[in-house]
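All values derive from a computational prediction rather than experimental measurement.
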Amino acid sequence: TGLNVDDLQITINQDGDATAVWQQYAGGSSFFVIYASRFDAASAVWSAPTRIDTGTFQSSSPQIAMDQNGNAIAVWTQITSSGYLHSDTYSSRFSAVSATWSTPTILNTGTDAAYTQIAMDQSGNAIVVWQQHTGGTFHIYASRFSAGSLAWSTPALLDTEYGANYPQIAMNQSGDAIAVWPQYAASVGAVHLYIGRFDAGSLAWSTPTILDTAIYRAIDPEVAINQS
């Protein structure tokens, strides 16, 4: 419901339950807010749309992931100061038990976080990656949500140089994950695709490595991962 609905994202679990998120204009204003709706496979009914952000400025670019029990996590970019000068990465978790969304939480600890992506395993553990302006350049950060403690980890810096942006993330059902992003490689003077792997056993990220063999510029990566 409402005007100027945009950037719809949807996820579905093995039972057929689904969650959709999108941005739309807030009533009586000219900025976007984030809404969500749940589809119940048993009743084949969508819930009434629920606003899940609480910002007073624009929220946009939502992403959504869901586990096998119907728990879901939505993430988005939110402007947190007037003049569109500062943005943060926010998250909210839907509990299938209580059928409610949590109060939004800021994941980043610096400024100017954007281009957020999320992936989740079957147990409800999730990893979020984003681009953040730090020290005069852009870097890639990640935070992991533990389904056991219901807490987010301290953001981890994934890249080791500068000029990194537009990350993508994939996660398998065991909780292992792979993140990819384009980044300027000073050693070769070109933009390359970097890859970092998260090991669910050690809860650690690997040192990033160059994935491509481009001479000048490699961009727009996508990534997928299987169970093994």
Side-chain angles (χ1 to χ4, degrees), residues 1-12 18-27 29-38 49-66 72-94 101-120 126-134 137-145 152 155-159 163-171 177-183 193 219-224:
T1 60
L3 299 175
N4 292 9
V5 174
D6 196 12
D7 211 354
L8 174 67
Q9 304 289 324
I10 191 168
T11 184
I12 189 169
T19 304
V21 291
W22 64 91
Q23 64 187 45
Q24 73 177 60
Y25 273 140
S29 68
S30 59
F31 60 86
F32 284 113
V33 297
I34 306 301
Y35 275 81
S37 179
R38 295 271 302 180
T50 300
R51 181 177 173 181
I52 60 174
D53 76 292
T54 57
T56 55
F57 301 102
Q58 180 153 291
S59 298
S60 61
S61 305
Q63 298 290 322
I64 186 75
M66 179 187 249
I73 295 177
V75 293
W76 62 89
T77 299
Q78 186 168 311
I79 303 297
T80 49
S81 66
S82 61
Y84 293 80
L85 299 177
H86 180 71
S87 62
D88 289 307
T89 290
Y90 275 76
S91 75
S92 178
R93 181 177 182 268
F94 179 85
W101 289 91
S102 67
T103 301
T105 301
I106 298 177
L107 300 187
N108 58 290
T109 56
T111 60
D112 300 325
Y115 299 106
T116 306
Q117 300 289 323
I118 185 171
M120 181 181 283
I127 293 179
V128 173
V129 292
W130 65 88
Q131 159 189 321
Q132 185 172 320
H133 194 262
T134 305
T137 188
F138 287 103
H139 291 287
I140 305 301
Y141 285 82
S143 179
R144 180 180 182 271
F145 177 82
W152 290 95
L157 175 65
L158 300 192
D159 66 283
N165 51 32
Y166 306 117
Q168 296 289 330
I169 182 79
M171 192 178 204
I178 293 178
V180 295
W181 62 89
Q183 182 173 345
L193 300 183
I219 59 173
D220 296 334
E222 297 287 345
V223 64

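With contacts defined as side-chain heavy-atom distances shorter than 4.5 Å, the pair Val180/Leu193 does not qualify. With contacts defined as side-chain heavy-atom distances shorter than 4.5 Å, the pair Ile118/Phe145 does not qualify. With contacts defined as side-chain heavy-atom distances shorter than 4.5 Å, the pair Tyr141/Pro167 does not qualify.
Shortest non-hydrogen contact noted between Thr77 and Ala113 is CG2-O, 3.7 Å. Between Pro155 and Leu107, the shortest heavy-atom distance links the atoms CG-O, 3.1 Å. Residues Ala72 and Arg38 come closest through the heavy atom pair CB-NH1, 4.2 Å. Met66 and Thr11 make their closest contact through CB-CG2, 3.5 Å (heavy atoms, listed as atom of the first residue, atom of the second, distance). In terms of heavy atoms, Ile140 sits closest to Ala164 at CG1-CB, 3.6 Å. Here the closest heavy-atom approach between residue Pro221 and residue Gln168 is recorded as O-CG, 3.2 Å.
Remark: Thr109 OG1 to Asp88 CG distance equals 9.5 Å, nearest 0.5 Å. Rounded to the nearest 0.5 Å, atoms CD1 (Ile64) and CH2 (Trp22) are 11.0 Å apart. In this structure, CD1 on Ile127 lies 11.0 Å from CE on Met120, to the nearest 0.5 angstrom. Taking OH from Tyr35 and CG from Leu8, the interatomic distance works out to 15.0 Å, rounded to the nearest 0.5 Å. Taken to the nearest 0.5 Å, the CD1 atom of Ile169 stands 9.0 Å off from the CH2 atom of Trp181. With rounding to the nearest 0.5 angstrom, the CG atom of Asn108 is 12.0 Å from the CD atom of Gln131.
Of the possible polar contacts, none joining the Ser87 side chain to the Asp112 backbone as a donor-acceptor pair under 3.5 Å is found. Ser102 places a side-chain N or O within donor-acceptor distance of the main-chain N or O of Arg93, the cut-off being under 3.5 Å. With hydrogens and angles disregarded, a donor-acceptor distance shorter than 3.5 Å links the side chain of Gln58 to the backbone of Phe32.
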Checklist entry - Could you go step by step and tell me if Trp152 and Ile73 meet the side chain to side chain contact (heavy atoms under 4.5 Å, CB included) rule? => result CA-CA 12 Å; Trp152 290 95; Ile73 295 177; 4.0 Å; yes

Next on the checklist: Between Ile34 and Gln23, is the side chain to side chain contact (heavy atoms under 4.5 Å, CB included) condition met? List the steps.
Outcome noted: CA-CA 5 Å; Ile34 306 301; Gln23 64 187 45; 4.1 Å; yes

Checklist entry - Can you check side chain to side chain contact (heavy atoms under 4.5 Å, CB included) on Val128 and Gln117, steps first, answer last? => result CA-CA 6 Å; Val128 173; Gln117 300 289 323; over 6 Å; no

Item to check | Test side chain to side chain contact (heavy atoms under 4.5 Å, CB included) applied to Leu157 and Asp159, step by step | outcome: CA-CA 6 Å; Leu157 175 65; Asp159 66 283; 3.4 Å; yes

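Aromatic pair Tyr25/Phe31: ring centres not closer than 6.0 Å.
Partners of Asp7 by side chain to side chain donor-acceptor pair (under 3.5 Å), not counting sequence neighbours, listed by chain and number: Gln9.
Among Ser60, Ser92, Ser59, the single residue meeting the side chain to side chain donor-acceptor pair (under 3.5 Å) criterion with Asp53 is Ser59.
Note on ring orientation: taking the six-membered ring where Trp is involved, the planes of Tyr90 and Trp76 are parallel (angle under 30°, cut-offs 30° and 60°).
Annotation for Phe138: atom CZ counts as buried by contact number, over 12 foreign heavy atoms lying within 6.0 Å.
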